[in-house]
Asker: 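Please find one structure pasted underneath; my questions will follow.
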Amino acid sequence: MSLSDHPRAYGTAAVAAAFAAGIVLTLGFKDLYPDLERRYQARRRRPPRGVSSWADLRRRSSLFWGPVQLEDHESDPGDDASPYIPQTTPGITPGLVRGIEGAIGNTPLIEIQSLSQATGRTILAKAELLNAAGNSPKDRVALNMIREAEAAGFLVPHRGDTIYEGTVGSTGISLAALARAKGYRAHICMPDDQSMEKSDLLHHLGAVVERVPVAPITSPDHFVNLARRRAAEHTASQKDSSVGFFADQFESPANFAAHFKTTGPEILVQTSGNIDAFVAGAGTGGTISGVAKYLKESAKLTKLKVVLADPQGSGLYNKIRYGVMYSNTEKEGTRRRTQVDSIVEGVGVNRVTHNFESGRDLIDDAVKVTDKQACAMARWLVENDGIFVGSSSSVNCVAAVSTALSLPEGSRVVTVLCDSGTRHLSKFWKKVAEMGLEDQTEEKAQGGSDNTPSKEDLTRLLGIKPL
């Protein structure tokens, strides 16, 4: 019996034969395709006949047509200016963040190479000046204080609420930036001995700024007490439904919690737990207490040494060393902050705040840093590492060097770069220039001497006795 006598069988056989032929043809073309693709791409890369290059063709076109901008959505085969970036590019995190608050935290931990080389220990710095709202660790604090106030119902976006704070600058700047972003106003009270750069920046951020005469904390006119009073007056005014919220960075547990929840865990991950000491100054005390509590208690780094960096004129050094809040320039509780106490801003205080007390028992030691040492360190960092920081960062780095030299070679010390030197031009960096430190740098460069940082250079500059 033939296939022609059975049409259904014939059709089935034909389909099978065509399918088999397709498989054979596909397998054969698979080997030929790469060569065809290479020839095609090579032809695309060649410019038209009579043109030396794609750039030459673009130049000729611009001369003929004039300043016309052409948009070619297919990449120019000979142009590497706009390379295709695959989604698997190392170091690039996919996805977006919402608003400026999404760029707060996850700051890099960088090695300060000159200090590591000079001390023989690895000195790392948490670059908190790269936080995106106020460019300091206070971004974390301000954001957490606002979030917790919202959760408790104290703040309601776009109701006209105003955030009041007494600050020497950095927390106010962070609050002013985030207040605008989240639908609030900001009113900042600060002592009039702080650099003008800070109050100018606050004005540009839309905050109301009150610069007030320096007064002791016991005075109702102290900048913190004034901010508290302004908030109460706002709420009591009853002009509308808005309220005045006093952030209270010195005593608010949201300050300490911000560093416990974010800064500490980040340092743990970035060091893989391989850290011998953490060094930081204290103004409100939230950073050093929050980080110390997380690393020592939650992360169980029980051998970690936590060291306070304290500027001259502050009583915290004696509180840690001897258990007594006392500065050599005053009696306890009577200190009036003036410019002769210290040119350092942002750290150093003569009272124990709630935030500092939260982790005080976890602080093992303290290092006293003079204005002269802070200025010298600031100039050293610019000259050797290209790092331009403010006074509190310089204090931290001096204390980090002192701590590192007390540890075995190869130890790892982490500190904090709090803010940029651009906020300290009229005060701190003016003092650096008056000390002649910038002139010495210029003379050294002109002399052509070996600029490799050494332990002897560093300890002599800082007046630290080498071990």
Asker: Would you indicate whether the side-chain heavy atoms of C397 and S394 approach each other to under 4.5 Å?
Answerer: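 No, too far: nothing below the 4.5 Å cut-off.
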Asker: Salt bridge or not between R360 and E357? Use side-chain N to carboxylate O under 4.0 Å.
Answerer: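 Here R360 pairs with E357 in a salt bridge, since their nearest N and O are under 4.0 Å apart.
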Asker: So, N355 versus T353: side-chain donor-acceptor pair below 3.5 Å or not?
Answerer: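 No pair is found: no donor N or O on one side chain lies under 3.5 Å from an acceptor on the other.
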Asker: Kindly write out the residues that satisfy ring-ring contact (aromatic ring centres under 6.0 Å, His included) with F154, not counting sequence neighbours, or none if the list is empty.
Answerer: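 Testing F154 for ring-ring contact (aromatic ring centres under 6.0 Å, His included), a comparison that skips the adjacent residues, returns none.
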Asker: Taking C-beta and beyond as the side chain, do P191 and V168 meet within less than 4.5 Å on heavy atoms?
Answerer: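 The answer is yes; the side chains approach within 4.5 Å.
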Asker: Taking Q270 for its side chain and T107 for its backbone only, find out whether a donor-acceptor pair lies under 3.5 Å.
Answerer: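 Indeed, once roles are kept as given, a pair shorter than 3.5 Å links the two residues.
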Asker: Quick one: list whatever passes side chain to side chain contact (heavy atoms under 4.5 Å, CB included) with S392, sequence neighbours left out.
Answerer: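 If we apply the side chain to side chain contact (heavy atoms under 4.5 Å, CB included) test to S392, skipping adjacent residues, the hits are V347, C418, D419.
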Asker: With distance as the sole test, does N144 use its side chain to make a donor-acceptor pair with the main-chain N or O of A254 at under 3.5 Å?
Answerer: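 Here the side-chain-to-backbone pair exists.
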Asker: Indicate yes or no for a side-chain donor-acceptor contact from R140 to the backbone of A258 under 3.5 Å, with no hydrogens or angles considered.
Answerer: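 Not at all, since once roles are kept as given, no pair shorter than 3.5 Å links the two residues.
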Asker: Determine whether the side chains of Q249 and T171 contain a donor N or O and an acceptor N or O closer than 3.5 Å.
Answerer: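 Judged by distance alone, the side chains do pair up.
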Asker: Hey, mind stepping through D276 and V413 against side chain to side chain contact (heavy atoms under 4.5 Å, CB included) and telling me if it holds?
Answerer: CA-CA 6 Å; D276 298 289; V413 177; 5.6 Å; no
Asker: Could you tell me whether F260 and Y294 have their ring centroids closer than 6.0 angstrom?
Answerer: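 So the answer is yes for these two rings.
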Asker: Measure the shortest side-chain to side-chain distance between I110 and L417 over non-hydrogen atoms and say whether it is less than 4.5 angstrom.
Answerer: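 In short, these two side chains touch, coming nearer than 4.5 Å.
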Asker: Is the backbone of S342 close enough, under 3.5 Å, to the side chain of Q312 for a donor and an acceptor to pair up by distance?
Answerer: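 Flag not set: sc Q312 to bb S342 has no pair under 3.5 Å.
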Asker: Hey, mind stepping through L308 and K319 against side chain to side chain contact (heavy atoms under 4.5 Å, CB included) and telling me if it holds?
Answerer: CA-CA 10 Å; L308 171 72; K319 186 66 175 178; over 6 Å; no
Asker: For P220, is there any backbone N or O sitting under 3.5 Å from a side-chain donor or acceptor partner on R229?
Answerer: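 Checked: pair present.
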Asker: Decide side chain to side chain contact (heavy atoms under 4.5 Å, CB included) for L155 and K182; before the verdict, give the C-alpha distance in whole Å, the side-chain angles of both, and the deciding distance to 0.1 Å.
Answerer: CA-CA 10 Å; L155 285 174; K182 295 179 73 64; over 6 Å; no
Asker: Give a yes or no on whether the backbone of V307 and the side-chain of D364 come within a donor-acceptor separation of less than 3.5 Å.
Answerer: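 The answer is no, because no donor-acceptor pair under 3.5 Å joins these two groups.
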Asker: Taking the side chain as every heavy atom from C-beta outward, state whether L175 and Y184 have any atom pair closer than 4.5 Å.
Answerer: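 L175 vs Y184: side chains apart.
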Asker: Mind checking what makes side chain to side chain contact (heavy atoms under 4.5 Å, CB included) contact with R185, not counting sequence neighbours?
Answerer: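 Scan of R185 (side chain to side chain contact (heavy atoms under 4.5 Å, CB included), adjacent residues dropped) gives T162.
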Asker: Please confirm whether the backbone N or O of A232 pairs with a side-chain atom of T235, one donor and one acceptor, at under 3.5 Å?
Answerer: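 No, the answer is negative, given that no donor and acceptor are paired below the 3.5 Å cut-off.
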Asker: Could you check whether any side-chain heavy atom of S391 comes within less than 4.5 Å of a side-chain heavy atom of I343, counting everything from C-beta outward?
Answerer: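 In short, these two side chains do not touch, never coming nearer than 4.5 Å.
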Asker: Is N396 reaching over with its side chain to a backbone N or O of T415, donor-acceptor style, under 3.5 angstrom?
Answerer: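 No.
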Asker: Which atom names give the shortest non-hydrogen contact between A176 and A207, and what distance separates them?
Answerer: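 In this case the closest contact between A176 and A207 is CB-CB, 4.0 Å.
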Asker: Decide yes or no on side chain to side chain contact (heavy atoms under 4.5 Å, CB included) for V208 and H203, but give the supporting numbers first.
Answerer: CA-CA 7 Å; V208 174; H203 279 296; over 6 Å; no
Asker: Using distance alone, with no hydrogens and no angle criterion, decide if S252 and N255 have a side-chain donor and acceptor under 3.5 Å apart.
Answerer: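 There is no such pair (donor and acceptor under 3.5 Å, judged by atom type) between the side chains of S252 and N255.
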Asker: Closer than 4.0 angstrom, basic N to acidic O: yes or no for K198 and E345?
Answerer: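 Between E345 and K198 there is a salt bridge, with a charged N closer than 4.0 Å to a carboxylate O.
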Asker: Taking S136 for its side chain and L129 for its backbone only, find out whether a donor-acceptor pair lies under 3.5 Å.
Answerer: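 It does not hold such a pair.
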Asker: Pick out which of I275, L124, T262 makes a side chain to side chain contact (heavy atoms under 4.5 Å, CB included) with I267.
Answerer: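 For I267, the side chain to side chain contact (heavy atoms under 4.5 Å, CB included) test succeeds with only one of I275, L124, T262, which is I275.
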Asker: Check this for me, if you would: do E297 and K293 make a salt bridge, where the nitrogen-to-carboxylate-oxygen distance has to be below 4.0 angstrom?
Answerer: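 Looking at E297 and K293, the cut-off is met.
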Asker: Assess the side chains of H424 and S195: does a donor N or O sit below 3.5 Å from an acceptor N or O?
Answerer: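 No, no side-chain donor-acceptor contact under 3.5 Å.
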Asker: Find out whether P453 and E383 are in side-chain contact, i.e. whether some heavy atom of one side chain is under 4.5 Å from a heavy atom of the other.
Answerer: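 Side-chain contact under 4.5 Å: no.
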Asker: Is the backbone N or O of G206 less than 3.5 Å from a side-chain atom of R180, with the two atoms forming a donor-acceptor pair by type?
Answerer: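 Yes, because the side chain of R180 sits within donor-acceptor range (under 3.5 Å) of the backbone of G206.
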Asker: V212 and D221: which non-hydrogen atoms are nearest, and at how many Å?
Answerer: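 Minimum heavy-atom separation between V212 and D221: CG2-O, 4.2 Å.
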Asker: Between E197 and K430, does any NZ, NE, NH1 or NH2 come within less than 4.0 Å of an OD or OE carboxylate oxygen?
Answerer: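 A salt bridge is absent here (no side-chain N lies under 4.0 Å from a carboxylate O).
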